[in-house]
Amino acid sequence: MTTRPGASLPGDDELRQLYREDVGAQSSVAVHPSEDDWIALTSDTLAPDIRDRIADHVVGCAECAAIHRALTDLRREAATIDPEAPPLAEVSSPRWPWYGALAAAAILVVTLGAALLTRASRDTTAAPAPATVSLGPGPVAPRPGQTPAAPSASVVAPWAASVVALDVRLPAALVMTLRGEAPIEAARRAELVRTLRPALDLYRGGEYEPAGIALATIAQDAPDVPEIAFYAGLSHLLAGNASASLPLLESAVASDLVGDDARWFAAIAHERLGAHDRATEMLRALCARGGSRSRDACQASSQLPSR
Amino acid sequence: MEARHSDARFDALVRDYGRLIRHAIRRAARADAPRLADDIEQTVLVSLWQQVAREQVIDHPASYVYRAAVRETVRAIRRDRAQSAGAEPAGAQVEQVMTGTTPEDNVRRREQRDALRASLETLGPDRARAVKAHLSGFSVEEIMALCGWPYQRARNLIARGMADLRAALRERGMP
């Protein structure tokens with residue numbers, strides 16, 4: 001940063017540099033948060049006034065800032081391995097619905113354009129039109145938490161055109177040590193977790209086709225954990241294989257954790273397979289349910305064309 | 001207790017947390033932390049197990065290990081900072097920035113810092129907190145986690161606070 005007379009402070013980076021210098025130049029005599037304070041802060045159990053006091057200290061203390069960064073990282077990652085870890089608040093832009101609407105409109109335009117091009121091509125070659133639409137393998141879907149993908153060419157409704165890979169959520173009982181649990185049951189669960197981990201790593205790594213196959217195999221042996229069938233079905237759907245995904249998703253609707261997501265993705269699978277009436281019926285039921293996917297389903301229902 | 005602690009799932013959870021702590025420290029600690037990463041991971045794992053071994057019964061093992069992991073992360077970073085402090089005297093960063101500048105430059109720089117500090121004092125408590133966190137280099141997610149704010153509130157406080165700060169700096173002759 002320049003220090004000439006009349007120099008301005010145009011950027012946040014330069015202000016940051018100045019602020020850090022100022023913090024570094026001051027000898028901090030304040031008491032640092034204790035380990036218990038950090039535990040309470042990262043568990044969201046601090047009283048608001050104490051939280052404010054600690055926050056005021058952390059923003060002026062280089063060591064505490066480093067600790068806070070590390071703990072935020074730890075907390076974010078902990079949610080992926082530990083269902084009991086306190087989750088971080090979701091970072092999401094309120095403008096997303098607007099971008100979502102734009103994206104849906106763009107997908108509609110692309111879909112209509114692709115359909116017209118396909119029809120023109122068929123007209124010139126006089127090839128027979130297929131009875132059902134097959135999306136094929138489709139584009140590579142994003143990893144969990146990344147931007148949604150859209151099929152390259154389809155006549156599916158816009159609401160079913162993109163699928164978002166969800167973060168993995170599993171029932172706490174799967175990874176918790178329970179009091180009074182029979183050793184044989186504990187051993188079975190331990191084995192299940194051992195085999196599940198590499199399959200979920202495939203899913204998290206965006207390798208949806210092998211993930212779907214591996215998870216479906218595990219799901220067969222664990223019908224009491226419908227979440228496994230759900231991620232198997234979702235993996236198949238993300239890999240562009242709606243027919244393989246459907247029975248798996250339908251078997252997961254009983255899950256308390258992912259039941260509504262299973263219904264939503266099953267409706268998408270029906271739509272992609274050309275079963276528009278069944279998809280519409282599922283959407284309306286999901287809309288009326290009032291669950292976590294109700295809003296999406298109601299919005300999609302309201303945009304359904306008359307068929 | 002022995003049977004409980006030898007449970008493979010519990011072992012795996014502790015190991016997973018050890019790995020997470022290692023990654024978190026590598027990102028947050030000073031430049032020489034990667035060199036110490038293996039030592040840190042070993043220390044963390046041993047400390048986690050020592051904490052676990054002191055408990056007779058753990059009702060909620062996962063949340064217990066989470067708390068232990070937070071504790072070990074705090075300790076590991078404090079150890080790292082304490083070791084680094086021996087090699088880098090207090091105020092070295094400021095002196096480093098000022099190396100090669102004239103005395104007039106140093107005076108002007110100090111005046112700018114005074115102006116920044118005074119301008120920050122004119123902000124309301126939440127805006128000042130948001131701006132200081134932003135200037136400290138915290139991401140929005142880190143500010144949300146620190147202050148317990150939802151996304152929209154955090155973004156608004158940062159944006160409005162920075163606008164207020166710039167206005168206050170302009171009043172002090174720093175346009």
Side-chain angles (χ1 to χ4, degrees), chain A residues 3 5 8-9 12 15-25 27 35 38-39 41-44 48 51-52 55-56 58-60 63 65-78 81-86 88-94 172 175-177 179 186 189-190 193-194, chain B residues 4 7-10 12-13 16-17 20-21 23-25 27-29 60-63 65-67 69-71 73-75 77-78 81 90-91 93-94 97 101 105 108-109 112-113 116-117 125 129 132-138 140-142 144-148 150-152 162 169 174-175:
Chain A
T3 55
S8 63
L9 291 169
D12 284 7
L15 283 174
R16 280 195 183 111
Q17 178 66 38
L18 198 59
Y19 179 72
R20 284 173 184 163
E21 283 176 36
D22 193 43
V23 168
S27 57
E35 290 171 10
W38 283 113
I39 290 170
L41 179 70
T42 56
S43 303
D44 295 323
R51 184 174 204 142
D52 287 349
D56 285 337
V58 170
V59 297
E63 177 182 291
I67 290 172
H68 178 60
R69 282 195 189 92
L71 292 181
T72 306
D73 279 341
L74 177 78
R75 195 173 164 186
R76 185 191 313 110
E77 299 295 324
I81 62 161
D82 179 1
E84 286 193 30
L88 279 170
E90 194 175 336
V91 179
S92 61
S93 167
V175 287
M176 273 180 61
T177 302
R179 283 173 177 276
R189 220 155 28 84
V193 170
R194 192 183 65 76
Chain B
R4 177 180 296 280
D7 185 285
R9 281 171 292 111
F10 194 57
L13 194 61
D16 281 347
Y17 266 113
L20 295 191
I21 292 170
H23 289 164
I25 290 169
R27 286 195 290 262
H60 298 288
S63 57
V65 177
Y66 171 77
R67 291 195 302 274
V70 170
R71 202 179 290 281
T73 305
V74 174
R75 288 177 186 175
I77 290 185
R78 283 182 176 160
R81 305 282 301 190
Q93 197 181 357
V94 177
V97 169
T101 58
D105 288 338
R108 206 169 293 119
R109 191 73 173 173
Q112 287 181 328
R113 292 208 312 265
L116 176 61
R117 200 180 315 130
R129 202 170 293 128
K132 287 177 183 175
H134 178 65
L135 295 180
S136 295
F138 285 139
V140 176
E141 183 187 44
E142 288 164 344
M144 291 162 65
L146 178 64
C147 302
Y151 176 82
Q152 187 61 23
M162 286 300 292
L169 285 170
M174 293 171 67

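Chain letters run A, B, ... following the sequence lines, proteins first, then strands; residues in each count from 1.
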B/Leu116 portion near chain A, given a 4.5 angstrom heavy-atom threshold:
side chain
All side-chain contact (heavy atoms from CB on, under 4.5 Å) counterparts of A/Arg194, not counting sequence neighbours
A/Glu191
Highest number of heavy-atom pairs under 4.5 Å with chain B among A/Pro48, A/Ala65, A/Ser43 belongs to A/Ala65
Could A/Arg51 and A/Asp44 be called an ion pair, given the rule that one side-chain N must be under 4.0 Å from one carboxylate O?
yes
Side-chain contact, heavy-atom cut-off 4.5 Å: A/Ile67 with B/Thr73?
no
Below 4.5 Å, heavy-atom pairs only: which of A/Thr72, A/Leu71, A/Asp52 has the largest tally toward chain B?
A/Asp52
Side chain to side chain donor-acceptor pair (under 3.5 Å) partner of A/Glu35, the single match among B/Arg78, B/Arg75, B/Arg67:
B/Arg75
